[in-house]
Number of protein chains: 2
Amino acid sequence: MARLSDIIENFLKGLIIEEEGAVEIQRNELASKFNCVPSQINYVISTRFTAEKGYYVESRRGGGGYISIKRLNLDSAGDYLMHIITSIGDRITQFTSEVFINNFVDYNIIEVREAMIMKAATSDKVLADVPTEKRDDVRAAILKNMLMSLTVL
Amino acid sequence: MARLSDIIENFLKGLIIEEEGAVEIQRNELASKFNCVPSQINYVISTRFTAEKGYYVESRRGGGGYISIKRLNLDSAGDYLMHIITSIGDRITQFTSEVFINNFVDYNIIEVREAMIMKAATSDKVLADVPTEKRDDVRAAILKNMLMSLTVL
DNA sequence: AGTTTATAATAGTCAGAGAAAGTCAGAATC
DNA sequence: GATTCTGACTTTCTCTGACTATTATAAACT
């Protein structure tokens, strides 16, 4: 536990909790606080604050540069989404699909514009060329894949 | 975070909102307000008020010179979309579709999340159930309809 | 009065300095 | 052997200043 990386990791996690989900740091400043080389910060971030662990990291170089770390809200949106995705099944009608999409907006999972895009992508109109007996299958695949893409970011 | 460029950018954007879409400034005056060299203003404008970001900049030198910045009205984004929609044609491959979608992000027509949704909705994976010879037709219909939905709002 | 010329008042350009963060291979440690 | 740590080197973004280009206006000249 005396590993520097662990100490920095815990420090950052503490900060993230304090700041309620997101911090913005300066690499050099943090490095000098812990008396290490700046690249150590990169090491900590790349091993401890990965996407798989639910963090989203952005940075910018140059004067006034920074590194920002955000904790993704995987429990709320992500889990809920995954639950929905598995509950959709292999076929879905346009009507049911729209009900789902409207719910996502109500629950703040997606934006209004995103909802419009999703409805546009799953309408009967757009699937007119798909044989009737396959239409609801394709629609379910489209809807699920769109939702899946959101669990990533 | 204390980047001068950002401060000036925000100042100008605030002005643009106040003035409802267009401002006219004097380069030297603005520079002395922010205590920087005049060319800094050029830097801010060339990096933050680009055509891709929806701004139109004009200027004039000499006595009584000025720099004017106009925010392009949203209609033109819609026009741009309509132009693309009509140019897409009746069939499109997954690859070409992704190129288009990436362009929309570059031109600030859509958000990154929206792009992910669109890509998810037009992937080959999702259209696996559609007969091969119909696949590119369906994809074109989906893409166009998603874009159409954006021209409404 | 009309035209040319000089001067002052602007804005534009570009290369270089400065200020961050990123990378990666190798050393050190566990 | 895997993880951690280091440092030299790279890349990106910002800021500055010297120099250039353009325009308006006033002065000088027909």
Side-chain angles (χ1 to χ4, degrees), chain A residues 1-16 19 22-53 55-71 153, chain B residues 1-16 19 22-71 102 105-108 112:
Chain A
M1 196 26 122
R3 284 208 269 351
L4 220 206
S5 291
D6 288 341
I7 295 171
I8 295 175
E9 176 190 3
N10 288 330
F11 173 78
L12 286 174
K13 286 188 171 164
L15 267 191
I16 290 172
E19 309 284 331
V23 286
E24 189 170 302
I25 56 164
Q26 314 242 176
R27 191 180 76 150
N28 290 348
E29 195 186 295
L30 191 61
S32 74
K33 180 186 205 99
F34 288 104
N35 235 44
C36 62
V37 293
S39 54
Q40 173 88 25
I41 307 300
N42 295 86
Y43 176 70
V44 172
I45 287 173
S46 63
T47 56
R48 267 92 163 162
F49 293 90
T50 62
E52 296 78 46
K53 294 185 175 154
Y55 293 92
Y56 180 61
V57 179
E58 280 175 311
S59 70
R60 198 150 155 196
R61 309 185 186 188
Y66 62 84
I67 299 175
S68 94
I69 307 175
K70 291 180 183 149
R71 191 180 50 211
L153 196 69
Chain B
M1 217 352 156
R3 285 206 251 15
L4 220 206
S5 293
D6 289 342
I7 295 170
I8 296 174
E9 175 190 3
N10 288 330
F11 173 77
L12 287 174
K13 286 188 172 163
L15 268 190
I16 290 173
E19 310 284 333
V23 286
E24 190 169 302
I25 55 163
Q26 314 242 180
R27 191 180 76 149
N28 289 348
E29 194 186 299
L30 191 61
S32 73
K33 180 186 205 100
F34 288 104
N35 235 42
C36 63
V37 294
S39 56
Q40 174 88 24
I41 307 302
N42 295 87
Y43 176 70
V44 172
I45 287 173
S46 64
T47 56
R48 268 93 163 158
F49 293 90
T50 62
E52 296 80 44
K53 294 186 174 151
Y55 292 92
Y56 179 61
V57 179
E58 280 175 313
S59 69
R60 196 147 157 201
R61 309 182 187 191
Y66 61 85
I67 299 176
S68 96
I69 307 175
K70 290 180 183 148
R71 193 181 48 209
N102 288 335
V105 177
D106 288 345
Y107 283 92
N108 288 300
V112 174

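Every chain is numbered from 1, with letters handed out A, B, ... down the list of sequences. Quantities reported herein were computed from a predicted structural model and do not represent experimental measurements. Side-chain atoms are counted along with the backbone in the values below, which use heavy atoms only and exclude waters and symmetry mates.
- If you check every strand for non-hydrogen atoms under 4.0 Å, N42(B) touches a base.
- Nearest to the side chain of R27(A), among dT6(D), dT10(C), dG22(C), sits dG22(C).
- Contact annotation: the side chain of K13(B) approaches that of Y55(B) to within less than 4.5 Å [non-hydrogen atoms, C-beta and beyond].
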query = Could you walk me through whether R3(A) and E9(A) pass the salt bridge (charged side-chain N to carboxylate O under 4.0 Å, His left out) check?
reply = CA-CA 10 Å; R3(A) 284 208 269 351; E9(A) 176 190 3; over 6 Å; no
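- Residue E58(B) contributes atom CD, which lies 16 Å from atom C1' of dT22(D) at whole-angstrom precision.
- The side chain of R3(A) has dC5(D) as its nearest neighbour among dA11(C), dC5(D), dT14(D).
- Within the 4.0 angstrom heavy-atom criterion, only backbone atoms of the sugar-phosphate kind lie near G65(B); the bases stay farther away.
- The distance from atom CD1 of I8(B) to atom C1' of dT14(D) is 11 Å, rounded to the nearest whole Å.
- Side-chain proximity of I67(A) to dA21(D), dA21(C), dT13(C): nearest is dA21(C).
- Looking at heavy atoms from C-beta onward, F34(A) lies out of side-chain contact with Q40(A) at the 4.5 angstrom threshold.
- Out of dA21(D), dT3(D), dT12(D), the shortest distance to the side chain of Y43(A) is found at dT3(D).
- Remark: the backbone N or O of I16(B) is not paired with any side-chain donor or acceptor of K70(B) at under 3.5 angstrom.
- Across all strands shown, L4(B) has heavy atoms under 4.0 Å from sugar-phosphate atoms exclusively, and none from any base.
- Heavy-atom nearest nucleotides on DNA chain D were determined for V44(A) and for R61(A), and the one closer to the 5' end corresponds to V44(A).
- Distances from the side chain of Q26(A) to the nucleotides dT4(D), dA20(C), dT10(C) place dA20(C) closest.
- Taking side-chain N and O atoms only, N28(A) has no distance below 4.0 Å to OP1 or OP2 of dA19(C).
- Nearest nucleotide to the side chain of R48(B), out of dA11(C), dC5(D), dT14(D): dT14(D).
- At least one side-chain heavy atom of C36(A) sits under 4.5 Å from a side-chain heavy atom of I8(A).
- If you check dA21(C), dT4(D), dA11(C) against the side chain of S59(B), the one that comes closest is dA11(C).
- Between the P atom of dT12(D) and the OH atom of Y66(A) lies a distance of 16 Å, rounded to the nearest Å.
- Checked against dT16(D), dT10(C), dG7(D), the side chain of Q40(B) finds its nearest nucleotide in dT16(D).
- Across all strands shown, S39(A) has heavy atoms under 4.0 Å from base atoms, whether or not it also approaches the sugar-phosphate.
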